Amino acid sequence: MKKQLTVLFIFTMISLLGASAASATKLVGEPNLAVLVDGRKVKFGNAKPYMENGRVMVPIRNVAEKLGAKVTWNATTRTAGFTLADRSVDIQVGADKVYVNGEAKAIDAKAIEKNGSVYVPLRFVSLGLGVPLEWDQVGNWAWIGEKKIPTMEEAGIKAVPIGPYEKIFKGEPILLWDSNDEVYSTISIFTIDQLPIRNGNRIYYDIWPVAYGNQVFLRARTSKELMSIYYLSSLFKSKFRGPMNYFLEHNQDGTKMLAYRVAFIDDEFMIKLNQIEYIGLSLYDKSASIIKNPFK
């Protein structure tokens with residue numbers, strides 16, 4: 001473990017120094033809007049939540065069903081009904097009121113029908129369904145219910161034999177070492193939709209592309225300042241990337257915003273984001289951890 005951390009520390013310091021010549025230009029790009037129920041992202045399909053006039057509008061069926069509510073739809077009156085625990089809730093498309101157990105309550109925007117889904121303002125979740133709601137300005141996330149972050153096991157991420165994936169680790173054999181300075185025998189592969197995840201005291205919240213002038217970077221929200229990543233592809237040797245100190249931000253909630261180069265001047269050629277097949281996370285776990293690149 002000490003050997004692994006020492007070498008990775010050296011790589012990280014090189015990456016940090018590479019930011020010293022940066023200008024005052026800011027990174028441009030925001031994380032995707034997401035809704036989480038009990039720490040897990042809600043899958044919306046083609047009907048996505050969106051921001052309008054400072055309000056987050058969400059397809060309520062997806063959220064309600066994730067919470068375990070029974071959902072009904074009256075096509076004649078265009079009214080959606082929800083039953084959750086001791087609450088019976090009705091909301092009509094075009095109305096700015098919601099009826100909770102028969103009592104009218106005002107909401108800050110009208111319910112609308114869009115792309116076959118009923119959208120309501122995010123506030124409806126707490127007002128109508130009586131579930132805790134917290135808006136995460138930093139992450140562009142809405143936390144609904146219990147704010148907990150699952151481990152890989154709890155998120156359903158299973159380790160598989162690393163053999164078929166060893167060939168894309170070419171060029172940086174250190175990336176195949178586990179926390180005991182032994183070669184990984186397993187690998188955990190997951191998607192960005194399965195974030196956030198917890199591994200011990202390390203939390204990886206989100207990752208998204210940003211622009212810095214004409215360069216492309218990856219931005220990540222984590223619990224630690226020195227969490228490194230690496231890029232894997234059949235097109236090039238694996239590339240280690242440490243976080244760039246110039247772009248480090250400390251958020252009020254204790255999380256960190258890190259930035260990583262995609263292309264680097266010392267690479268054999270300037271790689272592009274869509275050429276990366278997997279983004280590896282240096283979590284120092286018993287299994288290698290990689291995310292399928294969602295930005296291809």
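Everything numeric in this text was worked out from a predicted model, so none of it was measured.
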According to salt bridge (Lys or Arg N to Asp or Glu O under 4.0 Å), does anything in [range] pair up with another residue at least two apart or in another chain? List the pairs.
| range | value |
| --- | --- |
| residues 287-296 | none |
| residues 44-56 | R55-D108 |
| residues 211-222 | D136-R221, R219-E249, R221-D253 |

Backbone N or O of [Y] within a donor-acceptor pair of the [X] side chain at under 3.5 Å?
| X | Y | value |
| --- | --- | --- |
| T79 | Q92 | no |
| Q194 | T191 | yes |
| N293 | Y278 | no |

Derivation of the side chain to side chain contact (heavy atoms under 4.5 Å, CB included) call for K256 and L248: CA-CA 7 Å; K256 312 295 187 294; L248 173 64; 4.3 Å; yes
[X]: side-chain contact (heavy atoms from CB on, under 4.5 Å) partners, not counting sequence neighbours:
| X | result |
| --- | --- |
| E153 | T151 |
| P209 | L218, L273, F295 |
| A106 | none |
| A288 | I162, F169, Y184, I187, Y230 |

Criterion side chain to side chain contact (heavy atoms under 4.5 Å, CB included) on E134 and K147, from CA distance to verdict: CA-CA 9 Å; E134 179 181 334; K147 190 176 179 179; 2.9 Å; yes
Plane angle bin for Y212 and F217 - parallel if under 30°, tilted between 30 and 60°, otherwise perpendicular: perpendicular
Under a 4.5 Å cut-off applied to non-hydrogen side-chain atoms, are [X] and [Y] in contact?
| X | Y | value |
| --- | --- | --- |
| K148 | D38 | yes |
| V118 | I112 | no |
| D90 | F82 | no |
| I229 | Y231 | yes |
| R40 | P150 | yes |

My understanding is that only residues two or more places apart in sequence, or in another chain, count here; which of them pass side-chain hydrogen bond (donor to acceptor under 3.5 Å, both in side chains) with [X]?
| X | result |
| --- | --- |
| S188 | S287 |
| N251 | T255 |
| E65 | R61 |

Minimum-distance pair of heavy atoms, taken over all atoms of M152 and F190: CE-CE2, 3.8 Å
Residue pairs passing the side-chain hydrogen bond (donor to acceptor under 3.5 Å, both in side chains) test where at least one lies in residues 111-128, sequence neighbours excluded: R78-E113
Contacts of type salt bridge (charged side-chain N to carboxylate O under 4.0 Å, His left out), residue E30, not counting sequence neighbours: none
Atom CZ of F44: over 12 foreign heavy atoms under 6.0 Å: yes
Trace of the side chain to side chain contact (heavy atoms under 4.5 Å, CB included) decision for T222 with L258: CA-CA 8 Å; T222 72; L258 311 178; 3.6 Å; yes
